[in-house]
Amino acid sequence: MLVHEMVQLGAKRSGIRELFEYGLKRKAEVGAENVFDFSIGNPSVPAPDAVQAEFRSQAAREDTVKVHGYTSATGAMSVREAVAKNLNARFDAKARPENLFFTCGAAPALMSTMKAMCVPGAEFIILAPYFPEYPTFIRAIGGKVVIVPANTTDFDLHIEDVEPYVTEHTQAIIINSPNNPSGVVYQKAALEALAELLRKKSAETGHPIYIIADEPYRELVYDGYEAPFIPNIYENTVVCYSWSKSLSLPGERIGYVYVPDQAADSTDLFNAVAGSARALGHICAPTTAQYVVERCCCVMPDIKAYDENRKTLYKGLTELGYTCVYPHGAFYMLLKAPFGTALEFSEKAKEYNLLIPPCEPFGCPGYLRLSTCVSHDMILKSLPAFKALLEENR
Ligand code: PLP
């Protein structure tokens, strides 16, 4: 006997994956240069030179037993020390190495954190548009998914939208900023209002309601924007971080959970995160990648290419008559379907070799997500196809 739900989950590819696979097939048929694939969020900028050099020097180390061996489940002490120091220098975080639990990226960081909080009846709030894996993760650990619909006026965080969804069962709200897929970067005032609301609701319900800050895009910000460090705004914040996007290392699977001392029940919470990770099969984060981030956690990404892509695509599409949400962070841009449903528009776009996933799985019907982590040349070459798509179908 098998678990039907898991069979279904495994058998069904995500819409984004489907489109990506379709793109590969189409490239073989019509030539790669004629297919405009905006589907996938795989960084297109190589890892910074210093990071690549550090991987090479780790590979050349003579103490291979150490570099290929297990570390402690929490991560090597020297690595946690370096990252705590970096957080303190950048955000005055007052982090200690003991607050950091290294994981295989942000996804398992989120799973371990939510499992740690998932008492019977637990509800987790997510804000649309959201990373499509959130509902899958929440259901897998036995939690209830509570969705705050997208505020399509500006896709920002509005406290009055969130308030009705906070109940006595709310354990946490996931805040993903810079946001995938909208590129919106929540600002301090909105986060402070959220903190106030959560303090009030925590007092009413008699238990802490946490913010889980999902931050793989923290450093990918433009136009002078900054993503506020949420533990400095709300004490009961747990940060799930990853270097997948910032240092272009998604395949290396390296990230962490940061449980600040100031968070309610912080020692128990940290232990529960570690316990949940263990129960989910975590042994340790990849050792080589840990030692790389020990040396490279201060390296900042070169965001010039993403920045240019974002501007070129926004300008090109809006001049053609499309409506887009101007992103200040991450490497995505929302596009409003100019005719039909987002799914219908996405299907029609395929006829023009434009691969653009609809945002239904992101909880945002009527919109599509364009990945801007693509080549600049592809963006320029795609614009005539966008033009024809609109002119011939509207
Ligand atoms: N959270 C968000 C918002 C993401 O966009 C992604 C990946 O695309 C993840 C988490 C997972 O990141 P990781 O590769 O570090 O597991």
Side-chain angles (χ1 to χ4, degrees), residues 13-17 19-20 38-45 47 51 75 83 100-115 124-138 140-141 145 147 150 155 157 172-186 211-221 227 230 238-258 273 277 280-282 285-286 289-290 292-293 297 301 306 327-334 357 359 361-364 369-374:
R13 272 207 218 121
S14 79
I16 295 174
R17 250 304 130 193
L19 259 190
F20 178 70
F38 291 95
S39 66
I40 231 151
N42 214 353
S44 54
V45 169
V51 173
V83 173
L100 292 166
F101 185 90
F102 269 71
T103 60
C104 303
L110 288 163
M111 283 293 272
S112 307
T113 303
M114 290 194 288
K115 188 170 169 58
F124 294 90
I125 296 179
I126 58 179
L127 310 179
Y130 48 76
F131 179 49
E133 295 298 66
Y134 290 159
T136 309
F137 292 171
I138 295 168
I141 48 126
V145 184
I147 298 172
F155 293 90
L157 168 63
I173 173 165
I174 303 183
I175 294 295
N176 168 223
S177 171
N179 183 267
N180 172 11
S182 71
V184 168
V185 184
Y186 302 145
I211 288 181
I212 300 174
D214 178 23
E215 303 200 329
Y217 302 96
R218 154 167 291 286
E219 289 78 14
L220 306 183
V221 279
I230 304 180
V238 177
V239 177
C240 295
Y241 182 82
S242 140
W243 284 275
S244 290
K245 315 287 176 167
S246 59
L247 293 186
S248 300
L249 298 176
E252 299 299 339
R253 312 306 307 142
I254 186 77
Y256 62 77
V257 181
Y258 167 53
V273 169
L280 291 167
H282 169 89
Q290 286 191 46
V292 170
V293 298
C297 58
Y306 299 143
H328 294 292
F331 43 45
Y332 309 102
M333 191 166 79
L334 286 179
C359 277
F362 295 81
C364 195
R369 187 190 77 169
L370 294 155
S371 281
T372 53
C373 46
V374 295

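Counting starts at 1 for both ligands and their atoms, in listed order. Only heavy atoms go into these numbers, but all of them, side chains included; no hydrogens, no water, no symmetry mates.
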message: I'd like the contact residues of ligand 1, where contact means a heavy atom below 4.0 Å.
response: G105, A106, A107, F131, Y134, N176, N180, D214, P216, Y217, S242, S244, K245, R253
field: Non-hydrogen side-chain atoms of S44 and F331 separated by less than 4.5 Å
entry: no
- prompt: Do F131 and Y217 have their ring centres less than 6.0 Å from each other?
  reply: no
message: Between S246 and E219 (side chain of the first, backbone of the second, donor and acceptor by atom type, cut-off under 3.5 Å), is there such a pair?
response: no
query: Would you say the side-chain atoms of S242 pair up with the backbone N or O of P216, donor to acceptor, closer than 3.5 Å?
result: no
field: Heavy-atom pair with the smallest gap, counting every atom of P250 and P43
entry: CG-CD, 3.7 Å
- request: For residues I16 and F362, determine if any side-chain heavy atom of one lies less than 4.5 Å from a side-chain heavy atom of the other.
  value: yes
